[in-house]
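Take a look at the structure below.
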Number of protein chains: 2
Amino acid sequence: MPRTKGDHEARRRDVSEAVWRVLAAQGFGGLTLRAVATELGATTGLLTHYFPAKRDLVAHALDLLDQRTAARPRRAAGTGLAAVRAALLDILPLTAEATASNRIWVSSWDTALADPALSGEYALKYGRSRDKLRELVAAAQELGELPPGDPARIAAGAQSFVLGLVVQALFAPEAFPPPRQTELLDDYLAALVHPWPESR
Amino acid sequence: MPRTKGDHEARRRDVSEAVWRVLAAQGFGGLTLRAVATELGATTGLLTHYFPAKRDLVAHALDLLDQRTAARPRRAAGTGLAAVRAALLDILPLTAEATASNRIWVSSWDTALADPALSGEYALKYGRSRDKLRELVAAAQELGELPPGDPARIAAGAQSFVLGLVVQALFAPEAFPPPRQTELLDDYLAALVHPWPESR
DNA sequence: CCATTCACATAACAAGCGTTACGGTTATGT
DNA sequence: ACATAACCGTAACGCTTGTTATGTGAATGG
C-alpha cells in the first residue's frame, strides 16, 4: 500500500523521527533497520531505499544528533560571562528533550570509539565546540568579567566540567535535578571568576 | 582436548583476560560469545559452562571493569588536598592501561543506559564514588586546605570535571596528553582552593 | 575400581541481523 | 499516452547471534 500522494519531504521527516524515537528508546546499540521500520509502520524495503547500507543509516543518525543539538532552543545569550553561562547551560540536560538528546549523544560514544574515523570526526567536533567556548571566554575576559589566563585552557576545563555533569545527570537524574545542575555550574563559574592573588 | 591438569582458577583468569582483550578491542558493543571464545582459543561451549546466559557474561565484564579499576596502581595518597588530587589523578587516562580501562568504561555507558537496572546500579556506584571523594574533601577542609562549603557539592563538581576530562581525552588524546590533563586538573583545584571573599 | 560428576568440544537450533532480488504501484517526462 | 523512473512492499538470502543438546575424556570420591 504505497503512499497515494508522494509527499517525499514529509516522508523523509517521518523516517528521521522514527530513527530518533528508536535512538531515544534503545540507544545507538539498538539502532536496527527493523526497529526503525516497525517504529515507522513500514518495512525494511523502505529503509534500504533511503539508506543503501547500514552505515548510511548510522551516518544519518549522527547527522540527526548534530542537527537537533544545534537546533535546540537556546536561552538569551547576553554578553561576557553571561554568554558563557548560557552556552554551558544549553548543554546540560535541563529539559526532557535535552535529556533525550544527551542520552543519545552518550550512547553514540560506544559506536564512535570503536570506529577510528568516527572517533576523529568527534575529536574535530569537540575541538570546534571548545573553540567557540574559547571565544566567549576571551570576550568575557575583555569585559573584565573573567580573570586573565589562557582562554583555551579555561574553555577546555569548562567543557570538561559540563560534559561530566551531563553524564552524571543522565545516570542519576534524581540526584542531579535541574536546580542542582545549575547550582553546580554556578559554583564552578564562581570559582572561575575569582582572580588568584598568590603567584604560583 | 580438555585440560590435562584441572587448574580451574587459572582457566578462570584466562577467560577474564580474553573478555578484557575483546572489550579493549571492540568495546561493549562487540562483546560476543564467539569473539571471547576465539580470543581464548576455545569454543562457545566453554563459555556457556562458565556463564549460563549472555547477561552473566556482561555482568562479569562489568565486574571485571570494577575490579580492574579498583586494582589500578594508585599513587601515594598523602593527606588533605594532596589526597583529593591523587584520587582524581588516579581516574584520568594518564597511562596506556588507564586509557584502555576508561575506553571500556565509556563504552559500557551505552549498554548501561539501555537497561534501567544497570543504570540504577551505575547511579549507586557513582554515588559511592562521590561519597568517598566527599570524605577526602571534608578532610582537606578540616586541614584548612580547602575553603568551607558543602563537601558533597565540591565532590560532585570535582567528579564531573574529571569525568568530562576523561571523555575528552579519550576522543582527542593528542590534544589532551598527560601533562595537559594534569595541568587542567590543577587549574581546577587551584580555583577550588581559593576562598571566595565576596558574599553572593 | 567403578560410578558419578566435572569440564569441555561438537554441532545444531531458532531468531535476528543486513542485504538483495523482484514485483507492483504511483509519479514523471516526452 | 506511453515508456521510464521513483517508491515501497514482499520475500528470501547468507550470516551472526545466543542458546541448547549431546557426546567424551578427565577428575573425583566412596
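Small disclaimer: the values here were computed from a predicted structure and weren't measured. Side chains included, hydrogens not; waters and symmetry mates left out as well; all remaining heavy atoms used. Order of the sequence lines sets the chain letters (A, B, ...), proteins ahead of strands, with each chain counted from 1.
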Task: Sequence-aligned protein contact record of nucleotides 10-18 of chain C, with B where the base is within under 4.0 Å of a protein heavy atom and S where only the sugar-phosphate is - done: BBB----BB
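If you look at A/Phe161 and B/Phe161, their ring centroids are not closer than 6.0 Å.
Counting to the nearest Å, the P atom of D/dC7 and the CD atom of A/Glu9 are 10 Å from each other. Atom CG in B/Asp14 sits about 14 Å away from atom C1' in C/dC8, given to the nearest Å. Atom CZ of B/Arg11 and atom C1' of C/dA7 are 9 Å apart (whole Å). Distance, B/His49 NE2 to C/dA7 P: 4 Å, rounded to whole Å. In this structure, B/Leu57 atom CG and D/dT19 atom C1' are separated by 13 Å, rounded to whole Å.
For the OP1/OP2 pair of C/dA7 and a distance below 4.0 Å, the side-chain nitrogens and oxygens of B/Tyr50 include no atom meeting the criterion.
With respect to A/Arg153 and B/Glu183, a salt bridge is recorded, a charged nitrogen being found less than 4.0 Å from a carboxylate O. Salt-bridge check for A/Arg72 with A/Asp90: failed, with every basic side-chain N at 4.0 Å or more from each acidic carboxylate O.
If you take OG on B/Ser107 and CH2 on A/Trp109, they are separated by 12.5 Å, rounding to the nearest 0.5 Å. Rounding to the nearest 0.5 Å gives a distance of 12.5 Å between CZ of A/Arg21 and CD of A/Gln26.
When atom types are taken as modelled, the side chain of B/Gln141 and the backbone of B/Leu146 share no donor-acceptor pair closer than 3.5 angstrom.
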